[in-house]
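Everything on this sheet refers to the single structure shown next.
This is a predicted model, so every value here is computed, not measured. So you know, we letter chains A, B, ... as the sequences are listed, proteins then strands, and number each from 1. The basis for the numbers below is simple: all heavy atoms, side chains too, and nothing from hydrogens, waters or symmetry mates.
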Amino acid sequence: MTSPTRSTSTAAQRPDGPDGPDGPDQEAVGFDPDASAARRLPDGHADGRAAVAPDAFAPPERPGGAPQPADGARPVAAGNAATGSGRRRALALVIRSWRQLTSMRTALLLLFLLALAAVPGSLLPQRNINPMRVEQYLAAHPTLGPLLDRFSGFDVFSSPWFAAIYLLLFISLIGCLSSRIRWHARALFTAPPKAPARPGRLPGGSSWTSSLPPAEALVAARAALRGRRFRASVAAPGARRPDGSPDHSVAAEKGYLRETGNLLFHVALVGLLAAVGFGSWFGYSGTTLVVNGDGFANTVISYDQFSGGKLVDAAKLRPFSLTLNRFQASYEPNGEPRDFRADVAYSDDLNAPTRPATIRVNHPLVIGNTKIYLIGHGYAPHFVLRNVKGTVVWQGNVPCTPRDGMFTSTCTIKIPDTGLPPTGSPRRPQQLAFSGVFTPTTHLDPARGYVSIFPAATAPGLTITGFVGNLHLDEGVPQNVYTVDTRDMKQISLSGPAGAGRTAQVLALANPRQRTLTGLPGGMSLEADSVAEFATFQVKSDPFKREALLFAVLIIVGLIASLRVRRRRVWVRARPAATGDGSVVEIGGLSRSHGDGFAVELGQLTTLVREATLVPDAAEVAPDGGATEVAPDSTEARGAPVGDATSNASEQEH
Amino acid sequence: MAVNDGISSLSDHLFGCGMAAYAAAMLGYAAEFAFSRLGTRQTDAEVAAQATAEVPAARAAADRPGVLVGAGAAVGAGGEADPAVPTAADRAREIEAARRRDQAAHTLAAGNDGDVDVPARARWVGRIAVGLTVLGWALHLSSVVTRGIAADRVPWGNMYEYSSMICLIAVTTFLGLMIRHNVRWLGVFVMVPTVLYLGFAGTVLYVAPGPLVPALNSYWLKIHVVGAIMASGVFLVSAVTTVLFLVKERWESRLAEVAAGRAEASRAMQNRGGIVMRLPSSAALDTLTYRIIAFAFPIWTFAIIAGAIWAEAAWGRYWGWDPKETWSFITWVCYAAYLHARATAGWRGRRAAAISLFAFAALFVDYYVVNLVITGLHSYAGV
Ligand code: HEM
């Protein structure tokens, strides 16, 4: 074996080549099964791990042990460093760092770090999930808060350090995968590793005397193994053991799918990471609130909130538009929600015809790779402001923010253009603002006042107070539409259903005589004449969603193959019997993991091979059918993968 | 929506009866353990003497922690070494140790009940305990089914129901293992957490059946939750076997110390020896843990993916680092790390076990701390 073998110390002591007379035997019997497997596998790292032996991985990971080469190339790098120039030394350093980075241990460490880094993200409020709570946290922790903020404590998942871990893991994975794939591809096209000197001495191995000469016994054995779908190859005719005796052996292996599945898993993992990353660069999301009968178009300005990935061109969003025809909610008798639905009409391009659709929770509307979700709803009472002559000055639906399960909602009405002249000195505008509490099913609770006892608008009511003054709306400072800045406003007394000159009034929206406020400045009046429902939509575009799903499925497929398939090797060796023309046949094998039923399988294989080698024509004497499979003449017909068997064996070096 | 009160209280009664049957089974398993200790023919001195003979050899061959052969697995030593081959005596011992180690690891697969004498009456108690477990399982299953009927929906919509289902899966896993392997010794260790857990679920977490909130009412969610519950129930069993592994492994290395004359057999060792000896070798426990986790891991992976598909349908993003998602991910990473560690020499045994427990702790956080303490989008699943 000349390929770089990530060897255990056992292997290191044992150069290939003729041993003393005792050598081969000791080699066969003396090894720990694990170590032997590591040694025997043609290609160290990749195969060593897959075949038997966790120990094949041992050197770099063994705690406290002397640092050992991780694979064959490392000593080379080190050698260069010792003898070469500075540039070479730098190169060696790069190579070493690369190997370090792409080792499984580093990947594990990075994986752990990623998990660890995700912890603060789940404990601290996050801006991308709930910006309000971040503000509250910052207000409540004046010293700790800003410090955490500086280290992206509230944007953990978009922080530089999170990205660094993610990226390193990504590189590490790609690095280690590329070599593992090469190794595995090579293993797929080479014959199984050759038999040890005495396979019969492996755990569970056995031997017997056959009446067939060695060569024929092996042909029969190979057929038996191939009948069990092992990839099996006989040592080339004329091959010699290190001690010079003819090499009559069969090497068989099964379960390559394990490594294939494992690689598929890891590759798909890389793919998933990439899809997630690209998705966040090219995806966007926006939320918008639409009152029954209104609509919106997919442009950045029509969103109340918009966040796009770094590479999103905000001017070129897919130009669809949507109108909310009707929003409907139904509730359980106890007020728990039962179902929500929004009947909409949309056109998926500028000039495309409009089409009807229904959006429900968990059932978004899909337009290309954009999805439109129904994420919330609430009430928007309709207000009409009239001047003293009864002319409508302003009117509109004002969405109120729900604050409990019964849809008690907070309403803020701001009317900057009232048509009234500024008054007082200093002169200040007479802008109007109202703040109120909307209750869809209004009930007068003796202790709590007006509350809502059901989420549907069966008895809509509004408890309202009013202000006049300067709203400071035109000063370029962005304002929250849901709060009133009352610095320069003064409360006004209102006349209405509850009587004249009160600070607060209760309007009953269903009753035409109990829904108007009068006595506003300038003799104006405000009527809350109806209530509409609104729906909140979230528009999400993630152009790499499909790829992410594909890789996720491959992850599972690969994982199942990797964890369910067992990789095992079986060797048969024959030598001429001391007397007569028969032979002594030995069989033994190794499986990657202990205690997984390999002992039983090896027992069955032993029986098969034994029957095949004891009787020249097994078909005649095997009534149970098991042995018929292994009749020598069926050798070539058996379904081993094409191209692996004897032809390869003869090309193999030894 | 109609919640059928009669069926609902039937479900609660079945729950209570199932728990009672489990508790009785637990006592049965414990009694079998206790009896088998009385029935142990080997005295500690014998064990120690035997260990003297074999443990150092096994150590030498094993050359790593955590794979010492159970003291009793020595039975039948020496028969198969080929005397004709001119090998050094220590070589032979190494082979023998390797063979025995292999055999010990196969104890489970072969259904070998281990090495301790168990008197007939103890075996009977054990069998009765198995019967009680099956009975409890049937009652428990009926409780879950009737709960679903009462609420007219799938019976996994709140934490009481999740917890009940997780226990049901854990017991199912145990019974399933018992079909293929002789793992009756595991009974008491599965029943104790199950009974405690059910007690917690039935008191602290209990809520009357009711309809699902609309966001939970989805096809993918049902799949996702079933996957998560299944994996968690199986992980629960793996946590149990991990703890047993740690106990046994410690005991084995103490025994090796005693055998090598480096330590005295402590009182605790003598007192508890019977129980610990009744456990399979640490190697077998390690293998069992690995197999259980290797079984559950793809299910957990699937559950996360199903959850992501559901999140995509419900919230428009398949992954948003919501606390629940974050902790599912952390759990996943930890179990992946366990699988890797198990494949890495220096990390097998005790360190891999530590990772397994760590992962289980993350799973616990995912279920309880996240739902009860941290609020996220998932928290409307309700208690
Ligand atoms: C440089 C990076 C990595 C290397 C070299 C690597 C190597 C390996 C190897 C050799 C196995 C097989 C272990 C066995 O057969 O028991 C394995 C399995 C596995 N790996 Fe990785 N891995 C890497 C990164 C990752 C990452 C980032 C994950 C993410 C969670 C991961 C998840 C898994 C899982 C779940 C298995 C179990 C499948 C099995 O045991 O066969 N690996 N990995």
> What residues of residues 352-362 of chain B sit under 4.5 Å from chain A when only non-hydrogen atoms are counted?
Replying inline: Ile355(B), Phe358(B)

> Does Arg127(A) count as lying over the ring of Phe154(A), i.e. NZ or CZ under 6.0 Å from the six-ring centre, within 45 degrees of the axis?
Replying inline: no

> Is Glu325(B) reaching over with its side chain to a backbone N or O of Gly320(B), donor-acceptor style, under 3.5 angstrom?
Replying inline: yes

> Without hydrogens or angle criteria, can the side chains of Trp332(B) and Thr301(B) be said to hold a donor-acceptor pair below 3.5 Å?
Replying inline: yes

> Where on Val119(A) is there a heavy atom nearer than 4.5 Å to chain B: the side chain, the backbone, both, or neither?
Replying inline: both

>> Please classify the contact between Arg360(A) and chain B as side chain, backbone, both or neither, with a heavy-atom cut-off of under 4.5 Å.
In response: neither

>> So for Leu116(A), is it side chain, backbone, both, or neither that comes closer than 4.5 Å to the heavy atoms of chain B?
In response: neither

> Are Asp286(B) and Arg342(B) close enough for a salt bridge, meaning some N to O gap below 4.0 Å?
Replying inline: yes

> Who passes ring-ring contact (aromatic ring centres under 6.0 Å, His included) against Trp321(B), sequence neighbours left out?
Replying inline: Phe157(A), Phe162(A), Trp319(B), Phe329(B)

> For Ile304(B), is it the side chain, the backbone, both, or neither that has a heavy atom closer than 4.5 Å to a heavy atom of chain A?
Replying inline: neither

>> Report which part of Val276(A) has an atom under 4.5 Å of a heavy atom belonging to chain B: side chain, backbone, both, or neither.
In response: both

>> I'd like to know whether CZ of Arg564(A) has more than 12 heavy-atom contacts from other residues, nucleotides or ligands below 6.0 angstrom.
In response: yes

> Phe302(B) versus chain A, heavy atoms under 4.5 Å apart: side chain, backbone, both or neither?
Replying inline: both

> Hey, would you say the Phe235(B) and Phe297(B) ring centroids sit under 6.0 Å apart?
Replying inline: no

> His224(B) side chain to Ala303(B) main-chain N or O, any donor-acceptor pair under 3.5 Å?
Replying inline: yes

> So does Glu312(B) pair up with Lys540(A), basic N to acidic O under 4.0 Å?
Replying inline: no

> Where on Leu549(A) is there a heavy atom nearer than 4.5 Å to chain B: the side chain, the backbone, both, or neither?
Replying inline: side chain

> Do you know which of Lys545(A), Gln538(A), Gln126(A) has the most heavy-atom pairs under 4.5 Å to chain B?
Replying inline: Lys545(A)

> Would you find a donor on one side and an acceptor on the other, under 3.5 Å apart, between the side chain of Arg258(A) and the backbone of Val565(A)?
Replying inline: yes

